[in-house]
Amino acid sequence: MPGILEKIAAIEHEMSITQKNKATSTHLGSLKAKLCALRRELLEPSKSGGAKCPGFEVQRYGDSRIALIGFPSVGKSSLLTALTGVQSEAAAYEFTTLTCIPGVIHLNDAKIQLLDLPGIIMGAAQGKGRGRQVIATARSSDMILMVLDATKDDAQRQMLTKELEDVGIRLNKHRPQISVIRTKTGGLKFNATVPLTQLSRDMCYSILQQYKIFNVDVVVHEDASIDDFIDVLEESGSAPRKYCKCIYVYNKIDILSLSQVEELARTPFSVVISVNKQWNLDGLLERIWQELELVRVYTKKKGMFPDFNDPLIITPQRGNKTCTVENAVGMLHKALLDDFKSALVWGSSVRLSPHICGLKHVLQDEDVMQIQKLTQAEKARKTHGKKTGTTVAGSNTAVDPKKIKERAPLKT
């Protein structure tokens, strides 16, 4: 019986020799679904047990985490030393770094953890060169810095992107706007709010058969592809997709000509640097801050000046990805949410400063917030309800009117 790698190779070969047209699109969609299932099975831990390889995972620290991904000897360790001051071994031979080395970047009152991972090779998604552990650590990061050698062609970027996509990491992409709701009966109901050029009802039906999903409502809100539809289906599985921002860092530009450097710099999501000459490292830090979109919120006590030394840092890549007053108050202490009345906000998120805001108000960078708590009388009113409100008979306990069941009609 062939193994998983042999099955993956056979399906990839069949997809490569199959002509791509309307007649074969359904068959190709079915093959992609089978290929995705085999890759998911390859990533899952073995149930038979056995010795485990030591992992690279380190404790999460700071307000954000960035992973350095790249082939061996492209300057990842030197970049870590230049940005954080942590001494990571660097030499003229490959695979100098054999484990994960963490460092911390102090940038704009925020602490950003930077991880120097070992260089990966082709086939890392299948476990070659301890690739699974390297990529698993990358999945836990908020952003990826793909370090590339500027003296080589663009094939290295394409190969690294393919290795990350094989394990479910989508670089610089957002979740496809596709709604998939399972139902008890009714079969497949397929609707689209925009014209579709790559996806059809027959393709979706063929892919859903591979996932053994027969009763489902599918609504497509964008011109999505087959891969996008499979990504949405994988969200309920054991290896959901990771949508992560990525900056392509081209190192060793001191060897290139000015025209070549300018061509690389104009590539989307790219930054050109030279660690050896200390060129454009400040520009890289500025680009990292822009892509992370961290929000600093300064707190203020009543009658005192704001504390501009220790802000609250809200990371959009973590939690529910919203920079609201509720998240900021919860970062101070969860118990403050029970006594929360309103918040006075100064900054660019309000028209007038100060402005009284509720929990759902969206904060912006460098806003100042002052929390107003409930008084004892307001707490009692909130707990027991108003005198004329709905309360439990014989007590002052408030009852939610929405939860009151309608009384059954009298029998006649």
Side-chain angles (χ1 to χ4, degrees), residues 42-43 45 52-105 111-150 152 156-172 239 242-252 269-271 273 275 281 284-285 287-288 291-292 317:
L42 185 66
L43 293 175
K52 294 184 178 180
C53 297
F56 294 137
E57 184 63 34
V58 295
Q59 183 178 0
R60 188 184 291 270
Y61 175 80
D63 305 303
S64 186
R65 168 181 282 192
I66 300 176
L68 294 175
I69 294 290
F71 286 117
S73 296
V74 293
K76 299 188 299 298
S77 300
S78 301
L79 181 59
L80 176 74
T81 303
L83 294 181
T84 65
V86 175
Q87 294 298 323
S88 180
E89 184 179 358
Y93 53 87
E94 295 184 348
F95 298 104
T96 310
T97 304
L98 299 178
T99 185
C100 177
I101 301 177
V104 179
I105 302 174
K111 299 176 182 178
I112 303 173
Q113 188 180 39
L114 188 64
L115 302 181
D116 179 19
L117 299 176
I120 62 177
I121 59 176
M122 292 301 299
Q126 285 77 33
K128 294 183 180 179
R130 303 182 74 179
R132 291 187 195 174
Q133 296 155 309
V134 175
I135 295 176
T137 306
R139 285 183 66 94
S140 66
S141 303
D142 301 317
M143 191 173 71
I144 292 176
L145 289 185
M146 187 180 293
V147 185
L148 305 170
D149 192 343
K152 298 180 180 179
Q156 53 178 343
R157 173 174 170 174
Q158 298 174 1
M159 288 187 291
L160 285 172
T161 303
K162 183 181 181 301
E163 293 294 330
L164 295 176
E165 287 189 348
D166 287 347
V167 294
I169 300 178
R170 301 291 181 259
L171 302 180
N172 297 323
K242 168 79 172 180
Y243 299 96
C244 184
K245 289 188 176 182
C246 176
I247 298 177
Y248 304 100
V249 182
Y250 288 92
N251 190 20
K252 305 178 183 179
F269 306 105
S270 299
V271 177
I273 64 167
V275 179
L281 294 182
L284 175 60
L285 291 176
R287 185 63 180 272
I288 289 174
E291 295 295 337
L292 285 176
Q317 293 82 6

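All values below come from the heavy atoms of this structure, side chains included, with hydrogens, waters and symmetry mates left out. Note that the coordinates shown come from a computational prediction; the quantities given were computed from them, not determined experimentally. Throughout, numbering of the chain's residues begins at 1 and tracks the sequence.
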Is any side-chain N of the basic residue among D116 and K76 closer than 4.0 Å to the acidic one's carboxylate O? no
Could you check whether any side-chain heavy atom of R170 comes within less than 4.5 Å of a side-chain heavy atom of K242, counting everything from C-beta outward? no
Does the side chain of M146 reach to within under 4.5 Å of the side chain of F269, using non-hydrogen atoms? no
I would like to know whether S140 and R60 meet side-chain hydrogen bond (donor to acceptor under 3.5 Å, both in side chains); could you show each step before the answer? CA-CA 9 Å; S140 66; R60 188 184 291 270; 5.0 Å; no
In this structure, which one of I247, L292, L83, L115 forms a side-chain contact (heavy atoms from CB on, under 4.5 Å) with I66? L292
Nearest-0.5 Å distance that lies between atom CD1 in I169 and atom CD1 in I69: 7.5 Å
Where L117 and A67 come nearest, the two heavy atoms and their spacing: CD1-CB, 4.1 Å
4.5 Å side-chain heavy-atom contact, Y248 and L160: no
Hey, does L281 have a side-chain heavy atom less than 4.5 Å from the side chain of L79? yes
Compare every heavy atom of S270 with every heavy atom of R157, then report the nearest pair and how far apart it is. NH1-OG, 3.7 Å
Value rounded to 0.5 Å, distance of CD1 in I273 from NZ in K252: 11.0 Å
Looking at CG of L80 and CD1 of I105, how far apart are the two atoms once the value is rounded to the nearest 0.5 Å? 8.0 Å
Restricting to side chain to side chain contact (heavy atoms under 4.5 Å, CB included), what partner residues turn up for K245, sequence neighbours left out? M143, N172, E291, E293
For a quick test of reading the model, state the closest non-hydrogen atom pair linking K111 to V104 and the distance between them. CB-CG1, 4.1 Å
When you measure from the side chain of Q156 to the backbone of F71, do you find a donor-acceptor pair of N or O atoms at a distance under 3.5 Å? no
So do the side chains of I288 and L145 get within less than 4.5 Å of each other, counting heavy atoms only? yes
Give a yes or no answer on whether the side chain of N251 reaches the backbone of V147 with a donor-acceptor pair at less than 3.5 Å. no
